[in-house]
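Structure, as structure tokens:
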Amino acid sequence: MDAVYSNPLQPEAAFDDAAAAHAERDWSALLDEQERARRAVAELPLDAIFHSERYGPMTLRWAYLHMITEYAQHNGHADLLREKIDGVTGL
């Protein structure tokens, strides 16, 4: 599977080419990629090992935990920005 949101020269460049004109297409691509990922691991145990070019050998469990951590961190960043905008804390 080709990397959709990055390239070898810019592995962290997920949003560098973002454009409002492509939002619907990009949203559709994201949903499709998520569904393909779900199908790919649906029958695998959490201790299944696979190789990542970026991280090396890892278990499915590690990949899930890594993604949960990344998602939580980004949600935290968004919450800090929202607090600066609306001044409401503790939601």
ask   = Are L46 and V41 connected, step by step, through hydrophobic side chains (Ile, Leu, Val, Met, Phe, Trp, Tyr) whose heavy atoms are closer than 4.5 Å?
value = yes
Could you state the interatomic distance from [atom1] ([X]) to [atom2] ([Y]), rounded to the nearest 0.5 Å?
X	Y	atom1	atom2	value
I68	E70	CD1	CD	11.5 Å
H66	T69	NE2	OG1	8.0 Å
E33	E35	CD	CD	12.0 Å

ask   = Are any of the side-chain heavy atoms of L44 and F50 separated by less than 4.5 Å?
value = no
Which heavy-atom pair separates [X] from [Y] by the least distance, and what is that distance?
X	Y	value
P45	L60	O-CD2, 3.8 Å
M58	S52	CE-CB, 3.2 Å
R61	D47	NH2-OD1, 2.9 Å

inquiry  = Please check if the number of heavy atoms outside E24 that lie under 6.0 Å from its CD is greater than 12.
reply    = no
key: OH (Y55) with more than 12 external heavy atoms under 6.0 Å   =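 For Y55, atom OH is crowded (more than 12 foreign heavy atoms under 6.0 Å).
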note = Sorted by chain and number, sequence neighbours left out, side chain to side chain contact (heavy atoms under 4.5 Å, CB included) with R25 holds for H22
